[in-house]
Amino acid sequence: MNVGVAHSDPNPNTTYFNSRGMWLTYTIVVGIIHYVFLSLPFLSVAMSWTLTNVIHNFLMFIILHVEKGTPFETTDQGKYRDKTVWEQLDKGTHFSASKKFLTVVPIVLFFLASFYTKYDPYHFIINALSLILVLVPKLPMLHGVRLFGINKY
Amino acid sequence: MAGVSADPVDASVTSREAAWDLYEMIQACLQAPSYHLLFEAVLIVWIIQLLFVKSYKAKATLTEKEKEELIEDWRPEPLVPEVDPEHPVLQDMENRLIDGKIGRHVNINGKTYLNVASMNFLGMSGRVDIEASISTEYSQAEVAIDTVKKYGVGSCGPRGFYGTVDVHLELEDKLAEFMGVEEVIMYSYGLATISSAIPAYSKRGDIIFCDEGVNFSIQKGLVASRSKIYFFKHNDLEDLEGLLKAQEREDKQNPKKAKVTRRFLVVEGLYMKYGDFCPLPKLVELKWKYKVRIFLDETLSFGTLGATGRGITEHYGISIDNIDLMAASLEHAFGSYGGFCCGRSYVVDHQRLSGLGYCFSASTPPMLTTAAIKALSILQENPELLTKLHDNIRYIYEKLSKINGLRVMGETVSPMLFLQLAGPSDNRELDKAILRKIVQKAEEQGVVLILAAYLEEEEHTLPPPSIRISVSAELTHNDIDRVVSVIDDCYQNTVS
């Protein structure tokens, strides 16, 4: 059943994002979340785009840049204990394909949100701040850096 | 809602609001504020740059010059190291091959010798010849033979991979009942027990306080754990408390780090290299005071110490609940093979997926498992074995300490004693040569002794050269008298 997709990586956190269909799945999940908001009658289109954007970025920040370590029983004696999931991705390779995808997705979402909120300044501030929150930790020079010792241990 | 939409004015307002006419949005886009457009322009540049940038490793790679330096520095080691053909181990392999069972007596090259070299403390191994004197149905060896007939020779797999046979579960249950713990996990190799257990719990960033004089197996476990190791002087509680206090201060300065750091204390019940006990009651006090977890290796003390053989905890009268994890071996007192860890289920169960020696090694052959079950029942049915052992130890200790020129290292109730030169020279090799001569001469007189052997380059601390005496419950006082007089005789002969 799993021919060709089974891996022997001790820490699947490093490779799971390279699985086949991952990008499509990601896009579909974001789309579904957005359609859920759109279908709520009390939310305007602008609100639902901003909500999608903010929630996506917030979850991305928590899952990729706050969470450290790995839930798997690895045999590397806690090599990844102090690394965030983003730093574990592709074993720390910068600008790998999955990392480029994960950088482009919030930017594209921001463009869409800007367009559908008619470049409203309040929406802009919220969306731009949430975008910066997920773009800054992705910079290669901040790899392994914990600003002000936040989330260090 | 139906009422509202019936009103033509209201309906047109809602439709205009809800429609989000594309035209309106394009208008808004064209009239977008300049700061917004600037921000988007930066993002577009970012994306374009992402398209062209090549991926690279986070870690700095070596420069060509550094690579050349490393290659230059590298000296190949021979695949097979050169060994002196006169090496004592090679000599022993030629001349001291044992034939038959290893019990109170051994057969070397067709001659029978009295044996104080094997760690067969309760005489479990080679029990057939003393069967008549013990009121059990049949011996360990016969049980093992029956098991081979039923299960075959091997178990053919690790415990989690078709290698679990009912007898493994039976032994685990019986040992748990015997030790008074919630759960026992069996390993198929005594040496791998504690060296798998330590890295299962202690990872990078954790701290281990460890006695300097721990055995080789623990040392390997410490290395495998990748944790930070603090060694304290052998059985020196003040040194240990100093280290613990320093750590406590550090933890107070950085409570966030302390919160994710596990602290362990690793000691041996009966030290394999020194023959002395750890001061367990004091260690337990320190454990509660400084919040460290105690790992206790009872490789030698299990089955030999305490009134019923439960080891060092029973010897000191300390509840086993105070010990976070206990590792013991079935290879010495129990005359079988393998080892086990015991403690609370919450702790022990973790090893079933994380103990590398448990996960990736074939389980103990069923015949050796049933032999261990038999050894346990022999021990439970014959507590006098331990009385006999303790009596023998006291007797031999007293006699040995009277030998002029040799010093006994170890407790008066330790089944393993070390005889070292009372006045050692500075030259380790010279001392070893003297002791080796004593061993050779004793063999001529029909007593098998053995030098304590270590991998000298790899040991953390090296005890002084010594002859290792393993006391067995099988020995009679006459045997002991003979051993001691032979050693005394050989020593005086060698020195003079």
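- There is no contact between B:Lys259 and chain A, counting heavy-atom distances below 4.5 Å.
- Of the charged side-chain nitrogens involved, at least one lies within less than 4.0 Å of a carboxylate oxygen, so that B:Asp206 and A:Arg81 count as a salt-bridged pair.
- Side-chain N or O atoms of B:Arg204 include one that pairs as donor or acceptor with a backbone N or O of A:Asp76 at under 3.5 Å.
- Heavy atoms of other residues, nucleotides or ligands lying less than 6.0 angstrom from CZ of B:Phe161 number 12 at most.
- For chain B, the nearby part of A:Asp90 is the backbone; its heavy atoms alone come within less than 4.5 Å.
- Contacts between B:Leu51 and chain A at a heavy-atom distance below 4.5 Å involve the backbone alone (N, CA, C, O).
- Within the 4.5 Å cutoff, the side chain of A:Pro140 has heavy atoms near those of the B:Tyr56 side chain.
- Atoms CD1 and CD, on A:Ile107 and B:Glu40 in that order, are 11.0 Å from each other to the nearest 0.5 Å.
- Heavy atoms of A:Leu131 lying under 4.5 Å from chain B belong exclusively to its side chain.
- Partner B:His36 forms a ring pair (Phe, Tyr, Trp, His ring centres under 6.0 Å) with one of A:Phe111, A:Phe115, A:Tyr119 and no other, that one being A:Tyr119.
- Closest approach of A:Lys118 to B:Ala28, counting heavy atoms only: CB-CB, 3.7 Å.
- Options B:Val260, B:Ile47, B:Leu43 differ in how many heavy-atom pairs under 4.5 Å they form with chain A, and the most are formed by B:Leu43.
- Contact count against chain A (heavy-atom pairs under 4.5 Å) is highest for B:Asn254 among B:Leu37, B:Asn254, B:Ile44, B:Leu353.
- Surrounding NZ of A:Lys100 are more than 12 heavy atoms belonging to other residues, nucleotides or ligands, all under 6.0 Å away.
- The environment of OH in B:Tyr35 is crowded: more than 12 heavy-atom neighbours from other residues, nucleotides or ligands sit within 6.0 Å.
- Annotation: side chain of B:Val53 is not in contact with side chain of A:His94 (no heavy-atom distance under 4.5 Å).
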> Does the pair A:Lys91 and B:Lys57 meet the rule for a side chain to side chain contact (heavy atoms under 4.5 Å, CB included), with working shown?
Replying inline: CA-CA 8 Å; A:Lys91 295 184 181 166; B:Lys57 273 273 169 197; 3.7 Å; yes

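- B:Trp46 CH2 to A:Leu135 CG: the interatomic distance, rounded to the nearest 0.5 Å, is 4.5 Å.
- Contact of the A:Tyr153 side chain with the B:Thr261 side chain is not registered, since no non-hydrogen atoms from C-beta on lie closer than 4.5 Å.
- Of the residues considered (B:Ser202, B:Ala200, B:Ser227, B:Ser225), B:Ser225 shows the highest number of contacts with chain A, using heavy-atom pairs under 4.5 Å.
- Atom CZ of A:Phe61 has more than 12 neighbouring heavy atoms from other residues, nucleotides or ligands inside a 6.0 Å radius.
- The side-chain heavy atoms of A:Lys152 and B:Lys257, taken from C-beta on, include no pair separated by under 4.5 Å.
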